[in-house]
Colleague: 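Below you will find the structure I want to go over with you.
Here is the naming used below: chain letters follow the sequence lines, and residue numbers restart at 1 for every chain. Keep in mind that the numbers below use all heavy atoms, side chains included, and drop hydrogens, waters and symmetry copies. Predicted model, so just to flag it, every value in this text is computed and none were measured.
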Amino acid sequence: MRLVTWQLTLKLPLNEMMADLVGISLCIKPGHACYIPLSHRENNNDLFGAEVLVSGQLDFETTLSLLRPVLEDESILKIGQNMKYDAKILLLLGINISPIDDTMLLSYSLNAGLHNHSMDSLSERYLNYKPVPIKSLLGSGKAAITFDRVKIPEAVQYAAEDADITMRLWCLFKSELHKKRVTNVYENLERPLVPILANMELTGIKVDRDILSRMSNSFAQKMASLEYEIHELAGETFNLGSPKQLGEILFEKMKFAGGTKGKAGAYSTGADILEDLSTEHALPGLVLDWRQLAKLKSTYTDALQEHINKNTGRVHTSYLISGTNTGRFSSSDPNLQNIPIRSDEGRKIREAFIAEPGFKLVSLDYSQIELRILAEIAGIDELKKAFRSGVDIHALTASEMFDVPLEGMDPSIRRQAKAINFGVIYGISGFGLARNLRIPRAKAQAFIDRYFERFPGIKVYMDQTKEFAKEHGYVQTLFGRRINTPNINVKGPHSGFARRAAINAPIQGTAADIIRRAMIRMPYAIKDLPAKMLLQVHDELIFEVSDDAIDKTISIVKSVMEKAGEPAVKMTVPLTVEAGVGQSWAEAH
DNA sequence: CATCTCACG
DNA sequence: ACGTACGTGAGATGC
């Protein structure tokens, strides 16, 4: 296989949907790289100073038609850093780049949890070389220029260097894969997601601007009236958005109990504290209401409108494949993995996420996937049996712990058991459970002791996982993903963090692997259906499906998701997927 | 640019 | 004795 590293320079690097291809750099072996300038521009030398193409560049169309056979040649490996970005630019130009390697994902497969995987930091760490900063070409702030205005000799230095660095990193990383036994992870859980996420991001999801705009106005009105009420109660006006000013009002002027907490010595005014204070006085509760609306307005109804693409009328998030320690994706610009759902007012924001006429949004989510994985990894027969028979798992936990019958259970008992189940996944501590349930620490500790008494296998799993991490410096998912735990042997006040993260990582990471496997199979599974995969929210996939293919799509997607562990891992706990359909995301979920 | 707060799984 | 739930991204404030 011949290989080439590859780097694009673009005019608007922050938004691939709008970016113009300015140039291409290539490298065929370390130290041998070139740059192809395509769309560099300068002001004309005549009286009018119009913007014109710099002379001496290669013709755009000619270049692409010459490169296309190379980019689509299955015997030529194209290597880049963060290839999802390049793949998207090329997809917009009608080119399917394949096969590929990605140094960012190689680094992630090898060293998740150790450091970040940006090219600059990889270059400094592994090549002991600090790349030319992009800012030295573009400048910063108001005077910043776009890449098409960079002089070609400078662009050559910058872009060719990037391709060269990528080649050198690839040589290092590729040979490390088998040594660390993560070839499988890289080839089957990381690399295949590049074209899949690229397509999802380009597809985007339709968002109704008018709905958001109306909600925004309604929030603004409610906020203004709350603000007036709060200032009346406080006896003065102040900036409600400033925790510092609010803290001074509450704890100095109004003499509420509760001291400083933050490092900066500022008063802490988080929601849990305001909730406690709200039993004594009306003001803290009103602040909580105001805060909720301020959050919904600024982060969602206002900001989301800015993200609606002018050409597509849709919102195009960007997923970062190597963004987390555990194997989950993160989503940004905008983050579509934290759209409100828990509060009634927040949930309404999902009404703005809609399907095209003649289509519906279909949401499919794994039911309690992390608890199922815990039961699987730790081998807890009672839990496995419960999942196989479809028993309410939180009720079962409550029943076991508190010796109450499953039927007619007190909802508050079940709620406590649910909190304990979550706590177990997070590497439970008495303090954390006590705070979450607002019960005395001793009582929380008694709950945990009782839980481990009833499910001794969980305690064994936790101890074994911690010991494995201490010995090896990493933990693993069921599918072989490695998550490094560099702080596990560091003594001191933060040791609890590392321990809990190590316990949680195989569980969260295995769930991430499973939905990745489902996503990788999805394009083939739905290729003949009028359905598109739009979003992933950790344990949920959202599709846009033609009205006449809803049932068939649900049946196929559900099956792919439920079987996603096979054949690599034969789960002894069933994975179950629940589906919802609607014109909007609010209805579908 | 750090800190606080809060939205999600 | 210590100080804590796991994993994220974004907006507003204020130094």
Colleague: With a 4.0 Å cut-off on heavy atoms, is A/Ala266 in touch with a base, just the backbone sugar-phosphate, or nothing at all?
Modeller: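 The answer is nothing, as A/Ala266 stays clear of every strand by at least 4.0 Å.
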Colleague: Distance alone, cut at 3.5 Å: any donor-acceptor contact between the side chains of A/Ser331 and A/Gln337?
Modeller: no
Colleague: Would you state whether a donor and an acceptor, one from the side chain of A/Arg499 and one from the base of C/dT4, lie under 3.5 Å apart?
Modeller: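 When only heavy-atom distances are counted, A/Arg499 does not reach the base of C/dT4 through any donor-acceptor pair under 3.5 Å.
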Colleague: Partner lookup for C/dA1, please. Criteria are Watson-Crick or G-U wobble with both distances under 3.5 angstrom; report none if nothing qualifies.
Modeller: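 Partner of C/dA1: none found under 3.5 Å.
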Colleague: What is the nucleic acid contact for A/Gly423, judged by heavy atoms within less than 4.0 Å: base, sugar-phosphate only, or nothing?
Modeller: base
Colleague: Which part of the nucleic acid does A/Ala303 contact within heavy-atom distance under 4.0 Å: base, sugar-phosphate only, or nothing?
Modeller: sugar-phosphate
Colleague: At less than 4.0 Å, is any side-chain N or O atom of A/Lys491 found next to OP1 or OP2 of C/dC2? Yes or no.
Modeller: no
Colleague: Determine the Euclidean distance between corresponding P atoms of B/dC6 and C/dA1; express it in Å to zero decimal places.
Modeller: 33 Å
Colleague: If we ignore angles and hydrogens, is there a donor and acceptor under 3.5 Å between the side chains of A/Ser118 and A/Asp120?
Modeller: no
Colleague: If you look at every strand shown and take non-hydrogen atoms under 4.0 Å, does A/Ile503 touch a base, only sugar-phosphate, or nothing?
Modeller: nothing
Colleague: So what does A/Arg342 hit on the nucleic acid, given a heavy-atom distance under 4.0 Å: a base, only sugar-phosphate, or nothing?
Modeller: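 If one applies the 4.0 Å heavy-atom cut-off, A/Arg342 turns out to touch a base.
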Colleague: Of all the choices, C/dC6, C/dA10, B/dA7, which nucleotide is nearest to the side chain of A/Pro340 once you look at every atom?
Modeller: B/dA7
Colleague: Suppose you measure atom P in C/dC2 against the same atom in B/dA7; what distance do you get, rounded to whole Å?
Modeller: 33 Å
Colleague: Contact class for A/Gln245 vs. all strands (heavy atom < 4.0 Å): base, sugar-phosphate, or nothing?
Modeller: sugar-phosphate
Colleague: Kindly point out which of C/dT8, B/dC6, C/dC6 is positioned nearest to the side chain of A/Asn325?
Modeller: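 Side chain of A/Asn325 sits closest to C/dT8.
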Colleague: Measure CG/A/Leu320 against P/C/dG7 and give the value in whole Å, please.
Modeller: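 Atom CG in A/Leu320 sits about 16 Å away from atom P in C/dG7.
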Colleague: Just call it for A/Gly241: base, sugar-phosphate, or nothing, with non-hydrogen atoms closer than 4.0 Å on any strand.
Modeller: sugar-phosphate
Colleague: Have a look at A/Ala498 and say if it touches a base, only the backbone sugar-phosphate, or nothing, with a 4.0 Å heavy-atom cut-off.
Modeller: nothing
Colleague: Verify the distance criterion only: is there a donor paired with an acceptor across the side chains of A/Thr576 and A/Arg372 at less than 3.5 Å?
Modeller: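 Indeed, the side chains of A/Thr576 and A/Arg372 share at least one donor-acceptor pair under 3.5 Å.
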Colleague: Within a radius of less than 6.0 Å around CD of A/Gln221, do more than 12 heavy atoms belonging to other residues, nucleotides or ligands occur?
Modeller: no
Colleague: Please classify the nucleic acid contact of A/Asp365 as base, sugar-phosphate, or nothing, using heavy-atom distances under 4.0 Å.
Modeller: nothing
Colleague: Distance to the ring centre below 6.0 angstrom and angle to the axis at most 45 degrees; does that hold for A/Arg500 and A/Phe497?
Modeller: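 Yes, a cation-pi geometry.
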Colleague: Applying a 4.0 Å non-hydrogen cut-off, can you work out what A/Ile428 is touching in the nucleic acid: base, sugar-phosphate, or nothing?
Modeller: base
Colleague: Closest to the A/Arg500 side chain: C/dA5, B/dC8, C/dG7?
Modeller: C/dA5
Colleague: With a non-hydrogen cut-off below 4.0 angstrom, is A/Asp539 in contact with a base, only sugar-phosphate, or nothing?
Modeller: sugar-phosphate
Colleague: Just N and O in the side chain of A/Thr269: are any of them under 4.0 Å from OP1 or OP2 of B/dT5?
Modeller: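 It does, given that an N or O in the side chain of A/Thr269 lies less than 4.0 Å from OP1 or OP2 of B/dT5.
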Colleague: Sticking with atom P, work out how far C/dA5 lies from B/dC4, rounded to a whole angstrom.
Modeller: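 After rounding to an integer number of Å, I get 14 Å for this pair.
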Colleague: Figure out the CD1/C1' separation between A/Ile448 and C/dT4, and round it to whole Å.
Modeller: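 From A/Ile448 CD1 to C/dT4 C1': 11 Å.
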Colleague: Measure the distance from OH on A/Tyr267 to P on C/dG14 and round it to the nearest whole Å.
Modeller: 16 Å
Colleague: What contact category does A/Phe497 fall into here, base, sugar-phosphate, or nothing, at under 4.0 angstrom with non-hydrogen atoms?
Modeller: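 Sugar-phosphate contact only.
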Colleague: Would you check if the distance from the ring center of A/Phe251 to the ring center of A/Tyr267 is below 6.0 Å?
Modeller: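 Here the rings of A/Tyr267 and A/Phe251 have centres that are less than 6.0 Å from each other.
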Colleague: Base, sugar-phosphate, or nothing for A/Ser330, non-hydrogen atoms under 4.0 angstrom?
Modeller: sugar-phosphate
Colleague: Select base, sugar-phosphate, or nothing to describe what A/Asn338 touches, counting heavy atoms under 4.0 Å on all strands.
Modeller: base
